[in-house]
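All figures in this text were calculated on a predicted structure; none of them were measured in a lab. All ligand and atom numbering here is 1-based and tracks the order in the structure.
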Amino acid sequence: MMMENHDDVIEAELAQVRLKVPAIEGFILDAAVPILVRAIYRRTEHKQVTIHVQFPAGYPREPVIMEFKSKTLSDRLLDGLMKVCDEEAKRNVGQRQVILMLNFIKKFIDENPLCVCHPEISYIKQSLISGDDKVILKQKNSQIVIKVFQDSYFMNIRISVPEDYPIAQVQTEITDTNFPILLRTNFQAQAIEIARQCIQPPLKKTPKAPPFVPKPSLRPVCDYLISVCVKRYPQEICPICKEKVLSEDPKLVNSDPKRGIERVYCGHLFHNECLDAYMKTPPFTGGKKCPGCDQRIFHDKWKIPPELAETRWAHKQARQRELEEVVDFLS
Ligand SMILES: [Zn+2]
Ligand SMILES: [Zn+2]
């Protein structure tokens with residue numbers, strides 16, 4: 001039997017491609033000619049790739065030659081995709097390869113929803129975590145589980161990446177931690193707020209500001225929870241007494257109410273009793289400022305206006321003098 005002509009083989013496959021590819025969900029067929037097949041796979045606005053396929057001499061005994069382009073998926077991710085595709089193409093030699101490969105690429109993107117945040121995940125692994133910390137990818141659920149340690153403290157974080165990321169923000173949950181409950185609540189609320197600000201324009205518009213564009217929220221959330229929270233606070237020094245705010249033993253943090261902790265607006269931590277004494281001591285004019293960073297301290301527990309604080313201070317001082325007089329008189 002005579003070998004089929006190379007051009008006829010390709011023409012027959014192209015006919016099949018023209019018929020079947022537009023019917024595969026998410027695909028647009030841009031070109032299907034002997035020198036090139038060009039198709040776009042679009043799962044979401046940000047999970048989109050343009051695929052070029054060329055037939056080498058000796059096709060189909062040789063694997064197809066592929067090239068990928070994407071405005072939203074990173075070059076390194078596309079390099080990785082290329083590597084697995086080359087392996088797959090070699091397995092398919094002898095068959096009609098184009099549709100097999102297009103389906104393979106679709107499957108890769110569908111089954112790896114975290115591909116859309118690949119650069120952010122690399123950044124977390126390379127720049128944020130260290131030692132025994134772990135980043136576990138759960139592609140099936142589109143979730144990232146992060147376990148971070150610092151001294152005797154730890155935090156487990158579960159981040160869900162929605163299908164239309166980064167237009168929608170990540171959902172963050174602190175699933176377990178031994179930081180005091182007050183900090184855990186603060187951390188969780190702040191992480192949600194950071195993610196929200198990535199995708200919602202500010203209420204107060206700055207004149208002449210460029211139009212708001214949603215930003216990827218995974219990296220800012222992890223920068224905050226890992227660097228600003230877990231890695232920082234076990235080492236944090238109370239600006240008043242210059243001792244570590246958190247106990248070396250996490251179990252002791254909540255046991256002594258006087259050595260409880262307070263977190264103020266600027267993010268600095270204080271011992272409860274240190275901050276209380278500081279807030280009740282002059283000068284009060286212009287409000288009390290954080291000795292750590294000189295920002296005004298805003299805290300629900302110490303919301304008294306400077307004049308009132310001044311009066312209370314004066315009363316306390318007067319009482320103290322009276323008491324000293326009595327002690328002097330008695331001695
Ligand atoms: Zn202190
Ligand atoms: Zn401060």
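Listed by first and then second residue, the ring pair (Phe, Tyr, Trp, His ring centres under 6.0 Å) pairs that reach into residues 92-132 come to none, sequence neighbours excluded.
Listed by chain and number, the protein atoms of type N/O/S under 2.8 Å from the Zn ion (ligand 1) are C238 SG, C241 SG, H271 ND1, C274 SG; waters are omitted.
At the Zn ion (ligand 2), the vertex angle linking SG of C266 with ND1 of H268 is 110° (nearest 10 degrees).
Between the side chains of E25 and Y41, not a single donor N or O lies within less than 3.5 Å of an accepting N or O.
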Would you tabulate the side-chain donor-acceptor contacts of residues 124-133 under 3.5 Å, counting partners in other chains and residues two or more places apart, or write 'none'?
| unit_1 | atom_1 | unit_2 | atom_2 | d |
| --- | --- | --- | --- | --- |
| D133 | OD1 | F149 | N | 2.8 |
| D133 | OD2 | S130 | N | 2.9 |
| D133 | OD2 | K231 | NZ | 2.7 |

All N/O donor-acceptor pairs, side-chain side in residues 11-20, below 3.5 Å, sequence neighbours left out:
| unit_1 | atom_1 | unit_2 | atom_2 | d |
| --- | --- | --- | --- | --- |
| E13 | OE1 | Y59 | OH | 2.6 |
| E13 | OE2 | Y59 | OH | 3.1 |
| E13 | OE2 | Q97 | N | 3.1 |
| E13 | OE2 | V98 | N | 2.8 |
| R18 | NE | A32 | O | 3.3 |
| R18 | NH2 | A32 | O | 3.0 |

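A heavy-atom distance below 4.5 Å is not found between the side chains of K289 and I297. Side-chain contact between Y233 and Y153 is absent, with no heavy-atom pair separated by less than 4.5 Å.
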